[in-house]
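Before any comments, here is the structure.
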Amino acid sequence: SNVSKSDVRKLLMDLVVKSKFYKYIIEPISYLEEESHFSEVYDSLLYFKNMNIRQVRPLLLSLFGLKERDEIDSITFIKLVKHLENFYFQYISVMRNGTNTIEKFIYNYSSKFESDFNNDLIQEFIDKSYNYLPSKELFISNFDNLGYSNKNKNFKNTSNKKLINYILSSFENHFNTTQETRILNFTVEHIKSDSETDDCSRMIGNLLPLAQKINEKAGNKDFTEKIQLYKRSNFELVKHFITRYENNLWDDSSIKIRTKKFAELAYNTLWKCKNES
């Protein structure tokens with residue numbers, strides 16, 4: 001209905017190409033199987049899939065198209081995809097905003113990248129995306145609201161678990177400076193025992209990635225006993241925790257302080273969007 005007869009074949013061939021890109025988006029493992037894949041892009045695709053963020057798909061299709069046609073280089077491609085991941089992490093995962101507000105913005109640039117692309121458009125898109133992002137203070141404040149619990153009904157759900165797994169994995173990979181191995185499977189350990197009513201116990205500052213066997217042995221043991229079990233872990237995040245807290249009191253104040261430190265690391269480094277301190 002919207003394409004002239006002379007352009008139908010062009011449309012069909014574009015759909016064939018886009019179908020390959022779409023498969024990357026809905027099945028990130030298919031992208032990882034490509035010889036020319038980028039691990040950073042795979043991580044971003046996995047985030048969008050696990051967090052069920054669909055609005056970004058048209059923009060990703062346009063970016064894959066630009067890369068396929070060599071209109072952007074690999075560095076720019078990775079930069080843009082990672083910016084989208086960081087943008088949605090701040091806007092959706094941390095701030096819990098709805099997607100309606102940014103729908104027109106995302107779809108508008110999806111079209112521009114596809115049919116009216118020029119190099120100035122890249123920085124224009126990034127700059128305009130800043131308008132939708134929180135201040136550092138607001139980001140850190142809302143980071144306190146993230147968490148996971150097996151007992152607290154407000155945090156006991158699949159989406160919370162996926163988000164916390166993603167965040168802990170990202171922190172682990174950050175502390176694993178050699179990048180010789182990447183974290184794959186772990187369970188979420190509550191340092192202060194998980195609780196149905198204790199709000200601090202579900203906070204990110206109270207969580208660690210642990211192998212299931214160590215986690216099961218830790219159970220509801222006291223902090224001193226747990227530390228000895230943590231020493232069996234090879235996770236860098238756990239080693240970092242032991243070094244910092246082994247000889248200290250672990251209480252609600254400690255949890256809140258550690259949560260804030262993670263929030264600052266998240267905003268300034270891991271999911272950085274704006275160029276500010």
Side-chain angles (χ1 to χ4, degrees), residues 10-11 13-26 28 30-32 34-51 53-95 97-136 138-139 166 170 173-174 265-277:
K10 180 181 177 182
L11 172 63
M13 296 312 297
D14 187 59
L15 288 172
V16 171
V17 173
K18 292 294 196 301
S19 68
K20 179 179 71 171
F21 303 152
Y22 195 76
K23 186 175 182 181
Y24 294 161
I25 295 169
I26 63 173
S30 67
Y31 174 72
L32 196 59
E34 293 288 337
E35 186 176 348
S36 58
H37 75 270
F38 302 103
S39 59
E40 301 96 323
V41 173
Y42 168 74
D43 289 341
S44 297
L45 294 176
L46 205 58
Y47 164 75
F48 293 128
K49 175 180 172 62
N50 288 338
M51 297 301 113
I53 297 173
R54 302 186 179 191
Q55 185 191 65
V56 73
R57 290 176 179 179
L59 193 46
L60 288 173
L61 289 175
S62 296
L63 294 181
F64 273 110
L66 290 173
K67 180 65 177 65
E68 180 94 344
R69 298 189 298 272
D70 292 323
E71 293 185 52
I72 56 174
D73 57 30
S74 298
I75 293 175
T76 304
F77 175 61
I78 294 170
K79 172 187 174 182
L80 286 169
V81 175
K82 292 306 292 183
H83 178 76
L84 284 174
E85 178 187 353
N86 294 349
F87 173 85
Y88 273 93
F89 176 77
Q90 289 199 26
Y91 185 83
I92 300 290
S93 297
V94 175
M95 299 306 300
N97 291 312
T99 57
N100 291 344
T101 305
I102 60 171
E103 185 175 275
K104 185 176 180 181
F105 167 69
I106 294 297
Y107 291 167
N108 182 36
Y109 276 94
S110 300
S111 178
K112 286 184 176 182
F113 279 128
E114 183 66 30
S115 56
D116 301 312
F117 177 74
N118 62 73
N119 287 323
D120 292 337
L121 200 60
I122 295 173
Q123 195 57 50
E124 178 185 307
F125 167 72
I126 292 174
D127 289 343
K128 287 192 175 181
S129 71
Y130 294 160
N131 296 329
Y132 299 95
L133 294 175
S135 65
K136 181 177 180 179
L138 197 56
F139 177 94
Y166 165 73
S170 299
N173 290 328
H174 172 76
L265 177 62
Y267 187 87
N268 293 332
T269 306
L270 271 71
W271 291 279
K272 183 177 182 178
C273 284
K274 300 179 182 179
N275 292 318
E276 61 181 69
S277 58

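Just so you know, these numbers come straight off a predicted model, no measurement behind them.
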Those residues that, when tested against N119, pass side chain to side chain donor-acceptor pair (under 3.5 Å) (two or more places apart): none
Rounded distance [0.5 Å steps], CD in E40 versus CD1 in I78: 4.5 Å
Short side-chain to backbone donor-acceptor contact, S111 and Y107, under 3.5 Å: no
V41 vs H37 side-chain heavy atoms within contact, under 4.5 Å: no
Side chain to side chain contact (heavy atoms under 4.5 Å, CB included) between Q55 and I102, worked out: CA-CA 9 Å; Q55 185 191 65; I102 60 171; 3.2 Å; yes
Those residues that, when tested against F89, pass ring pair (Phe, Tyr, Trp, His ring centres under 6.0 Å) (two or more places apart): Y166, W271
Spacing of CG belonging to L270 relative to CG belonging to L265, to within rounding of 0.5 Å: 5.0 Å
Contacts of type side-chain contact (heavy atoms from CB on, under 4.5 Å), residue E71, not counting sequence neighbours: L66, R69, F117
Side chain to side chain donor-acceptor pair (under 3.5 Å) involving S74 - partner list, sequence neighbours excluded: none
Residues forming a salt bridge (charged side-chain N to carboxylate O under 4.0 Å, His left out) with E68, sequence neighbours excluded: K20
Any side-chain heavy-atom pair of L45 and L60 under 4.5 Å: yes
Main-chain N/O of L15 paired with Y22 side-chain donor or acceptor, under 3.5 Å: no
Donor-acceptor contact below 3.5 Å, side chain Y24 vs main chain L61: no
pair V81-L63: side-chain heavy atoms closer than 4.5 Å: yes
Heavy-atom check, side chain of K136 versus side chain of N268, under 4.5 Å: yes
Taking every non-hydrogen atom, the tightest pair across S135 and Y267: C-OH, 4.0 Å
H83 and S129: side chain donor to acceptor below 3.5 Å: yes
Pairwise side-chain contact, R57 with I26, heavy-atom cut-off 4.5 Å (strictly under): yes
Residues in ring pair (Phe, Tyr, Trp, His ring centres under 6.0 Å) contact with Y132, at least two apart in sequence or another chain: F105
H174 vs T269 side-chain heavy atoms within contact, under 4.5 Å: yes
Partners passing side-chain contact (heavy atoms from CB on, under 4.5 Å) against S36 (at least two apart in sequence or in another chain): none
Closest non-hydrogen atom pair between N86 and C273, with its separation: CB-SG, 3.5 Å
Salt bridge (charged side-chain N to carboxylate O under 4.0 Å, His left out) partners of residues 78-95, not counting sequence neighbours, each pair once: K82-E85
With D73 via side chain to side chain donor-acceptor pair (under 3.5 Å) - residues at least two apart: T76
From CA spacing to verdict: side chain to side chain contact (heavy atoms under 4.5 Å, CB included), I106, V56: CA-CA 7 Å; I106 294 297; V56 73; 5.5 Å; no
Euclidean distance, S62 OG relative to L80 CG, rounded to 0.5 Å: 11.5 Å
Atom pair CG/OH of L84 and Y88 - distance to nearest 0.5 Å: 7.0 Å
With sequence neighbours excluded, residues passing side chain to side chain donor-acceptor pair (under 3.5 Å) with K67: none
Partners passing ring pair (Phe, Tyr, Trp, His ring centres under 6.0 Å) against Y91 (at least two apart in sequence or in another chain): F87
Test item: S19 side-chain N/O and V16 main-chain N/O as donor-acceptor pair under 3.5 Å: yes
Derivation of the side chain to side chain contact (heavy atoms under 4.5 Å, CB included) call for I25 and F48: CA-CA 8 Å; I25 295 169; F48 293 128; 5.9 Å; no
Interatomic distance, I126 atom CD1 to Y109 atom OH [nearest 0.5 angstrom]: 10.5 Å
Residues that F77 engages under ring pair (Phe, Tyr, Trp, His ring centres under 6.0 Å), provided they are two or more places apart: F64
Heavy-atom side-chain proximity of F38 to Y31 below 4.5 angstrom: yes
Step-by-step ring-ring contact (aromatic ring centres under 6.0 Å, His included) determination, F113 to F125: CA-CA 10 Å; F113 279 128; F125 167 72; 5.7 Å; yes
